[in-house]
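So you know, we letter chains A, B, ... as the sequences are listed, proteins then strands, and number each from 1.
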Number of protein chains: 4
Amino acid sequence: MTDTGSTRVRRGDTRQRIRDVALRLFAAHGYEKTSLREIAEEIGVTKAALYYHFKTKEDILVAIHDDFTGPIDELIAWGREQPRTVETAREILRRYSLALEDASDLFRFMQENAAVIRDLSLHERFKERSRVIARLISPPGAPLEERVRAVAALYTMHAGVFAIAQHLDEEVGSEERRLAVLRVAEEMVVRAAEKCGREAARTDGPDTGGSGSGGRGPAPG
Amino acid sequence: MTDTGSTRVRRGDTRQRIRDVALRLFAAHGYEKTSLREIAEEIGVTKAALYYHFKTKEDILVAIHDDFTGPIDELIAWGREQPRTVETAREILRRYSLALEDASDLFRFMQENAAVIRDLSLHERFKERSRVIARLISPPGAPLEERVRAVAALYTMHAGVFAIAQHLDEEVGSEERRLAVLRVAEEMVVRAAEKCGREAARTDGPDTGGSGSGGRGPAPG
Amino acid sequence: MTDTGSTRVRRGDTRQRIRDVALRLFAAHGYEKTSLREIAEEIGVTKAALYYHFKTKEDILVAIHDDFTGPIDELIAWGREQPRTVETAREILRRYSLALEDASDLFRFMQENAAVIRDLSLHERFKERSRVIARLISPPGAPLEERVRAVAALYTMHAGVFAIAQHLDEEVGSEERRLAVLRVAEEMVVRAAEKCGREAARTDGPDTGGSGSGGRGPAPG
Amino acid sequence: MTDTGSTRVRRGDTRQRIRDVALRLFAAHGYEKTSLREIAEEIGVTKAALYYHFKTKEDILVAIHDDFTGPIDELIAWGREQPRTVETAREILRRYSLALEDASDLFRFMQENAAVIRDLSLHERFKERSRVIARLISPPGAPLEERVRAVAALYTMHAGVFAIAQHLDEEVGSEERRLAVLRVAEEMVVRAAEKCGREAARTDGPDTGGSGSGGRGPAPG
DNA sequence: CATGAATGAGTCTTCATTCAT
DNA sequence: TATGAATGAAGACTCATTCAT
């Protein structure tokens, strides 16, 4: 066995630990209010060590961001090749819901620090992805209300991972909450399709979603 | 005639100008990234002058906040005395929509700086008001999904004043956008009531709302 | 009588003291090696106080520089209006010698920190003035050797205020040294004129100049 | 045949490359402003590698310095054994001019970083050599003006390799410039001797220098 | 012969805040 | 009603240097 770091410091994983701690602190107190000193101290290294691994504070954030965009990019790639049906839209929402849950800290951070992020290089990359997904759900030339509904569905899901959760301070399981939010979002886009008379397959309930990625097993009626 | 500031600076209204400029800068670049120096410079006074009018930086924010809560408080008071019908819920949304539009900078700011605001005294006051309105729409003991829908409707409207607008980069009038968002939000709570079998009055359209606060004239079909 | 600062700090003159101390330290240890902390400590204020008076470290240097350029600019202005005779050139050298002596710390600094200064905004301004004076002495289209002589004369004088002085560690009075250097420089330009056959007035020796601004007494008309 | 670096980096010559790159950067931006990171990056090794070859940053500079002092030391040795005639002085200048040209980057660096170098161990060694050469040209007990002339001649040559060159932005070949500067310097010491009535050999032109080190062939009349 | 990882001291600079005037 | 002058604390970042591997 190699010397498994009894020597006071988990070796090698510093870079990853910086990302982890930074995300937690950024999400908790905001990007500007989190100092590199705090991050370094919590990890147990010096500020200078952070600069060995990342060129700037913003760079840490970028690295965190890019850590989580893989699933989203796959979702976009998948979405582009599907037919533009309501069922596709629903499946996108289901998958997006899962991706969101995995990266909930990051999304919460992006949402709650939007004002500051606007001045960062990150901003454009993030915004673009958001826009693309919205377009995947609501066809480019769709009527205003349908497009609003699509974006609203997305934001509902974003809010679902933290803001809405705060309003539900009772004992609501996180998976239960996720599914409830998902169902609401799904319905929004289904409604949009109905109203605008698209090639809506049956849309009575969120039943068909059974295809699975929306969750394990059928959602309770 | 009133002394129309021959001296290049409107005298007397400094306090108000501080609030205005501060809100604009806070909303644009975030609370932490906006320095008192910037505010003072833009107004044309010294930093010290800000301290004549406000005790701390946070105080400026509190003053701004309180400037805009009047209408919301009235809405809450009004809501408390209404019967808990779907129609009431819709009317609350309509009025909330208008209040939001008037205080859009502030709401945008609160939303986009949530992470930083969490550490401020303001936070609780703001959060509570939000919670109360949500409760006005979805009865305390309502089923999970209905409550989610209520909160989602509220967030949809919050997002409507800026985030959604960004996705609608075409030439959509701001009033047109507001009404579209409002309609989507209304439908969310109506749907909730239907599903949960409340004493839903007719919900076909946002017609009854004629009481007026939802907008001028009937919304286009 | 007003309270004449028994209160520990000479009031009002902070800005000037910053310039003085900064120049001394810059000249002694170099621009890069002199930290704002050192300057502040020596004056007895905080680093932040420096930033109340100057926007950046470079700004302090610029202010110092501009303090001393007045006489040089006057010299240039005067020179431009004189006939381009050898006598004018000699008078320029004499006046330049005096200006140099007054600003010797600055010139020494500029000379000994040239490498660093090259990256500063100051550089161009300084270089240009240097060039102009050289041109005043050696006519634009003069033969190579004459121009070299003019520049060399200038550099000899620059070096005279410190580098040459170091080689003369015996007891040579500073005024004695200045005049010796000046005489050498004068001769260089006189020789140049002789060789190139300009309208040299008598150039046998640096005698006539004696009365001039190179020492005490009125400059020749 | 020699292993001509198939591996992208000339191996073995790292030490030399450090010296080269360091001198170039030191001369360009100054000693303090040039970081070991820059040097290492430009070479394509890590900072730590520099420390394999040199003990400190200052050590790199010392090594560079010592690289170039050989010719100067030889010149000094030669000079010491010559009779103290004007002709000797001229020959010293001629040889010095050539040595200077070979080590122009270093001399430029020493001149333009004098303020910083003063705090380095190098300083004394360098200054001493300078002093010795000056003494070789102007006899120990010579009158003030003669000594000033000697030092000025030396500084003129130093300045000649860069500062004067800058004033001559036209197309003046570097050899042409060197010779012009040399001629001016020579004349300074010749004049000194004339005035002070030393055993001046003929001084009409820089002809006798034929020994060659002053340049190839007779200088143009 | 070199690197990966890290450090401690220090850099310039900005900030919210204070207070005598 | 304001300002001029200043401060203490902190910020992000860089540097020369070290050392185990």
| task | Summarise how protein sits on nucleotides 14-21 of chain F as a single string, 5' to 3': B when a protein heavy atom is under 4.0 Å from the base, S for sugar-phosphate-only contact, - for no contact. | result | BBBBBB--

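Listed by chain and number, the residues in a ring-ring contact (aromatic ring centres under 6.0 Å, His included) with D/Phe126 are D/His65, D/Phe107 (sequence neighbours excluded). By the side chain to side chain donor-acceptor pair (under 3.5 Å) test, D/Asp20 is found to be paired with D/Gln16, residues two or more places apart in sequence or in another chain being considered. Listed by chain and residue number, C/Tyr31, C/Phe109 satisfy the ring-ring contact (aromatic ring centres under 6.0 Å, His included) test with C/Phe26 (two or more places apart in sequence, or in another chain). Residues passing the salt bridge (charged side-chain N to carboxylate O under 4.0 Å, His left out) test with B/Glu124: none are found, sequence neighbours excluded. In terms of the ring-ring contact (aromatic ring centres under 6.0 Å, His included) criterion, A/His29 has no residue partners (sequence neighbours excluded).
Taking atom CG of residue A/Leu50 and atom P of nucleotide E/dA5, one finds them 14 Å apart after rounding to whole Å. Taking atom CG on A/Leu120 and atom P on F/dA12, their separation rounds to 13 Å, with Å as the unit. For the pair C/Ile39 CD1 and E/dT11 C1', the computed distance is 13 Å after rounding to whole Å. Atom pair A/Ile43:CD1 and E/dT7:C1' shows a separation of 15 Å (rounding to whole Å applied). A straight line from CG of C/Asp119 to C1' of E/dC12 spans 16 Å, rounded to a whole angstrom. Separating the CD atom of A/Glu41 from the P atom of F/dA10 is a distance of 11 Å, rounded to the nearest angstrom.
Remark: DNA chain F takes part in the stems E:2-21 with F:2-21, each of 3 or more antiparallel Watson-Crick or G-U pairs, criterion distances under 3.5 Å.
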With a 3.5 Å cut-off and sequence neighbours excluded, list the donor-acceptor pairs that the side chains of residues 33-47 of chain D form with protein atoms.
unit_1	atom_1	unit_2	atom_2	d
D/Thr34	OG1	D/Leu25	O	3.1
D/Thr34	OG1	D/Gly30	O	2.7
D/Ser35	OG	D/Glu38	N	3.2
D/Glu38	OE1	D/Ser35	N	3.0
D/Glu42	OE2	D/Arg24	NH1	2.7
D/Glu42	OE2	D/Arg24	NH2	2.8

| Steps toward side chain to side chain contact (heavy atoms under 4.5 Å, CB included) verdict (D/His53, D/Ile60) | CA-CA 9 Å; D/His53 293 285; D/Ile60 298 179; over 6 Å; no

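The salt bridge (Lys or Arg N to Asp or Glu O under 4.0 Å) analysis of residues 49-60 of chain A, with sequence neighbours excluded, yields no pairs.
Checked against B/Arg19 for a salt bridge (Lys or Arg N to Asp or Glu O under 4.0 Å), the options B/Asp66, B/Asp13, B/Asp67, B/Asp105 give a single hit: B/Asp67.
Proximity note for B/Thr14 (side chain, C-beta onward) versus F/dA2, E/dA5, F/dG4: the nearest is F/dA2.
Between C/His53 and F/dG4, a side-chain N or O to OP1/OP2 separation shorter than 4.0 Å is absent. Under 4.0 angstrom from either OP1 or OP2 of F/dA5 there lies at least one side-chain N or O belonging to C/Tyr52.
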